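The model shown is predicted, which means the values in this text are computed figures rather than measured ones. Remember, it's 1-based here, ligands and their atoms both numbered in the order they're listed.
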Amino acid sequence: MPGENYCFACGPENPIGLHLDFHFEEDKYVAEKTLPHEYQSYEGVVHGGIITTMLDEAMGGYLYSGGERAVTARLDVRYRKTTPVGEHLVITGWEESRRGSFVNMKATIALADGTVTAEGTAKMALVD
Ligand SMILES: CCCCCCCCCCCCCC(=O)SCCNC(=O)CCNC(=O)[C@H](O)C(C)(C)COP(=O)(O)OP(=O)(O)OC[C@H]1O[C@@H](n2cnc3c(N)ncnc32)[C@H](O)[C@@H]1OP(=O)(O)O
């Protein structure tokens, strides 16, 4: 059974995964990615489900990389502008607050000039 290296969003061993490669920049969890046309919906536009996947990963992976295992309990996405394929994207996740076993997270996807195309807000549930 494949392990976490098969994570669809970040697993380096998943042959059909997104291979997002995050790192911490101070208290932010950041990855940069240019998606090819295989990930589009309308011509030139990244599929909304893929956008949601990247936001989810930025938030859940933030906690996982900090040594906490969490599942997504709730996720809201605001698609502010279309996100283009073939362009450099910056995906960023961070923690806003926590209460008990729930952590409130935020994430964004931005173009190279800083324009935010999508925002995610999630409640992540800490699990053993
Ligand atoms: C190379 C390295 C690779 C690394 C790979 C890994 C990277 C990581 C990638 C990560 C990224 C990807 C991540 C993924 O893809 S994770 C996969 C997607 N997510 C899931 O599968 C989660 C499935 N759900 C659950 O497991 C449970 O429902 C959880 C654990 C969430 C709660 O189950 P639990 O048994 O604890 O609770 P309950 O359901 O009995 O409810 C009890 C009470 O708790 C409160 N409450 C519960 N839910 C919510 C809510 N949503 N908002 C607000 N409140 C909530 C509420 O008061 C409720 O009471 P009531 O209101 O019902 O009376």
Looking only at protein heavy atoms, which one is nearest to [atom], and what is the separation?
{"atom": "atom 50 (C) of ligand 1", "result": "Ala73 CB, 4.0 Å"}
{"atom": "atom 12 (C) of ligand 1", "result": "Asp56 OD2, 3.6 Å"}
{"atom": "atom 13 (C) of ligand 1", "result": "Thr72 OG1, 3.3 Å"}
{"atom": "atom 1 (C) of ligand 1", "result": "Asn5 OD1, 3.2 Å"}
{"atom": "atom 3 (C) of ligand 1", "result": "Glu4 O, 3.2 Å"}
{"atom": "atom 53 (C) of ligand 1", "result": "Lys123 CD, 3.4 Å"}
{"atom": "atom 9 (C) of ligand 1", "result": "Glu57 OE1, 3.4 Å"}

Check whether Trp94 forms a cation-pi arrangement with Lys28 (NZ or CZ under 6.0 Å from the six-membered ring centre, at most 45° off the ring normal). yes

So between Phe8, Phe102, Phe22, Tyr62, whose heavy atom ends up nearest atom 55 (C) of ligand 1? Phe102

More than 12 heavy atoms of other groups within 6.0 Å of [X] [atom1]:
{"X": "Asp21", "atom1": "CG", "value": "no"}
{"X": "Lys33", "atom1": "NZ", "value": "yes"}
{"X": "Asp128", "atom1": "CG", "value": "no"}

Scan side-chain atoms only and decide if [X] and [Y] contain a donor-acceptor pair under the 3.5 Å cut-off.
{"X": "Thr52", "Y": "Tyr79", "result": "yes"}
{"X": "Thr72", "Y": "Asp56", "result": "yes"}
{"X": "His88", "Y": "Glu32", "result": "yes"}
{"X": "Thr92", "Y": "Tyr29", "result": "no"}
{"X": "Glu68", "Y": "Tyr62", "result": "no"}

Does [atom] have a protein non-hydrogen atom under 4.0 Å from it?
{"atom": "atom 22 (C) of ligand 1", "answer": "yes"}
{"atom": "atom 16 (S) of ligand 1", "answer": "yes"}
{"atom": "atom 19 (N) of ligand 1", "answer": "yes"}
{"atom": "atom 27 (C) of ligand 1", "answer": "no"}
{"atom": "atom 58 (C) of ligand 1", "answer": "no"}
{"atom": "atom 40 (O) of ligand 1", "answer": "no"}
{"atom": "atom 46 (N) of ligand 1", "answer": "yes"}

Test question: given the 4.5 Å side-chain rule for I, L, V, M, F, W and Y, name all other residues clustered with Val90, or answer none. Val30

For ligand 1, which part of Ala125 has a heavy atom less than 4.0 Å away: the side chain, the backbone, both, or neither? side chain

For ligand 1, indicate whether the residue Cys10 contacts it via side chain, backbone, both or neither (heavy-atom separation under 4.0 Å). side chain

Are any of the N/O atoms in Tyr64 less than 3.5 Å from those in ligand 1? no

Between ligand 1 and Val71, is the shortest N or O to N or O distance under 3.5 Å? no

From Glu87 atom CD to Thr34 atom OG1, the distance as rounded to the nearest 0.5 Å: 8.5 Å

At less than 4.0 angstrom from any non-hydrogen atom of Gly60, what atoms of ligand 1 do you find? 10 (C), 11 (C)

Give the cluster check for Tyr39 versus Leu111: same hydrophobic cluster or not, with ILVMFWY residues linked at side-chain heavy-atom distances below 4.5 Å. yes

